[in-house]
Amino acid sequence: DHQFAAYSIGRRDSRRFSSAAYTGRPNFMGVRATGRPSDSFNYWADIGYVSGGDEGVVRNNIKIRQDLRGYGFDVGGTYRFLNAFLQLHLTLGYAYGSGNHNLSDSTNRAFLQTGLQTNEGRFGGVTQFRTYGEFFNPELTNIQIFTAGAGARPTAWLFTEVVYHHYRMAESVPENGFTSAAPTAEVNKITGRPSRELGSEVDLILGFRNLFGIRGFGTDVRAGLFFPGDAYLIENGNGRFLRNPDKGVSLIFLFFI
């Protein structure tokens, strides 16, 4: 009922350090545990560490190599009410990727993912979706992600899931220093008004199976609505007033047989 695993991945860029395209030589190590000790409950726990060297930073027109020393983890679980109406299930999760608030030393403490990740999975239904947010979909670096989800199976052919995420930077960073998300809006643009609050998102996940009595015919619908936080404040009119950028929306339909 329990599975344990470990991995080690070394990534090597053969280009010279002085190259603008050089991406570093990070080393990734991690351990993982998943399990379903009962029909009602399953859990996951992933812990990772990155070392090696990054792509370097430019200071005074000189490129400086930095050592990588970051860590991250993702833990959570899903509980199923097997005898409840609509076969309800609840999910709670928390993910953390360390950040690098000190840019003046020779160590980069930000956690990096391997580049092989999908950040997709399932909670209690049949539909695979982006577990860090359908729209925001960040990498796990310099971020905290709180997740809560509720799902149900109202009919034999329909699975539903509503997932809430709250995003917060792990470390305060210099102006425009957060680049771990799909939105192109820049953070911390307001002088003297830094914020670590990135925002929140609500996702709706629908999975249809065996439609029209056709075995194997199904449809997945994945939608996300993102509400920017104070980290994305925009200054209008020379400081006369502040506003958040517009909300973000994503919608994906998948058909398969």
Side-chain angles (χ1 to χ4, degrees), residues 1-5 7 30 32-48 72-95 113-140 143 145-167 181-182 200-227 248-257:
D1 297 326
H2 306 273
Q3 295 180 336
F4 303 93
Y7 65 88
R32 171 178 301 165
T34 59
R36 189 166 181 170
S38 71
D39 292 337
S40 300
F41 178 72
N42 70 281
Y43 70 90
W44 69 88
D46 290 274
I47 302 173
F73 59 87
D74 185 338
V75 297
T78 297
Y79 186 84
R80 298 167 180 80
F81 299 88
L82 298 178
N83 299 320
F85 178 63
L86 301 180
Q87 300 184 34
L88 295 173
H89 60 268
L90 300 177
T91 299
L92 291 176
Y94 176 70
Q113 293 190 268
T114 63
L116 303 175
Q117 78 281 348
T118 64
N119 291 344
E120 292 189 350
R122 300 179 181 88
F123 287 163
V126 297
T127 302
Q128 185 163 285
F129 60 94
R130 294 170 178 168
T131 54
Y132 292 159
E134 277 296 315
F135 177 85
F136 199 57
N137 191 30
E139 289 192 24
L140 194 61
I143 196 170
I145 306 173
F146 301 88
T147 298
R153 187 179 182 182
T155 70
W157 48 270
L158 174 61
F159 296 81
T160 65
E161 195 108 40
V162 177
V163 184
Y164 170 82
H165 303 282
H166 181 76
Y167 307 100
S200 58
E201 178 169 329
V202 177
D203 295 338
L204 174 63
I205 314 298
L206 302 176
F208 301 87
R209 296 296 182 268
N210 301 324
L211 290 176
F212 310 113
I214 303 174
R215 182 175 179 82
F217 178 59
T219 303
D220 289 342
V221 181
R222 297 157 38 180
L225 178 60
F226 176 68
F227 303 88
V249 179
S250 67
L251 183 62
I252 298 175
F253 289 89
L254 301 173
F255 299 91
F256 55 88
I257 296 180

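In summary, the side chains of N42 and Y79 do not present any donor paired with an acceptor at a separation below 3.5 Å, with no hydrogens or angles considered. With 3.5 Å as the limit, one finds a donor-acceptor pair spanning the side chains of N119 and Q113.
The two residues S40 and L82 make their nearest non-hydrogen contact at OG-CD1, 3.6 Å. Here the closest non-hydrogen pair linking I145 and P138 is CD1-CG, 4.0 Å. Between S200 and F226, the shortest heavy-atom distance links the atoms O-CD1, 3.3 Å. Nearest heavy-atom pair, G207 versus D220, reported as atom, atom and distance to 0.1 Å: CA-OD1, 3.6 Å.
With contacts defined as side-chain heavy-atom distances shorter than 4.5 Å, the pair V163/E161 qualifies. Counting heavy atoms from C-beta outward, I257 and I214 have side chains that stay 4.5 Å or more apart. The shortest distance between side-chain heavy atoms of Y167 and E201 falls below 4.5 Å. Counting heavy atoms from C-beta outward, V126 and R209 have side chains that approach closer than 4.5 Å.
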After noting the C-alpha distance and the side-chain angles of H2 and Y43, does the key distance pass the ring pair (Phe, Tyr, Trp, His ring centres under 6.0 Å) rule?
CA-CA 9 Å; H2 306 273; Y43 70 90; 5.8 Å; yes

Please walk me through it: do T78 and H89 pass side chain to side chain donor-acceptor pair (under 3.5 Å)?
CA-CA 7 Å; T78 297; H89 60 268; over 6 Å; no

Walk me through it: do R32 and D46 pass the test salt bridge (charged side-chain N to carboxylate O under 4.0 Å, His left out)?
CA-CA 5 Å; R32 171 178 301 165; D46 290 274; 2.4 Å; yes

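The distance from atom CD1 of I205 to atom CZ of F123, rounded to the nearest 0.5 Å, is 9.0 Å. With rounding to the nearest 0.5 angstrom, the CG atom of D1 is 9.5 Å from the CZ atom of R36. Put simply, OG1 on T160 and CZ on F208 are 9.5 Å apart, with the number rounded to the nearest 0.5 Å.
Aromatic pair F73/Y94: ring centres closer than 6.0 Å. Taking the six-membered ring for Trp, F255 and F217 have ring centres at least 6.0 Å apart.
With respect to H165, the side-chain hydrogen bond (donor to acceptor under 3.5 Å, both in side chains) criterion is satisfied by exactly one of N137, T147, T131: T147.
Aromatic ring orientation, H166 versus F146: tilted (interplanar angle from 30° to 60°).
The pair E120-R222 counts as a salt bridge, with a side-chain nitrogen and a carboxylate oxygen less than 4.0 angstrom apart.
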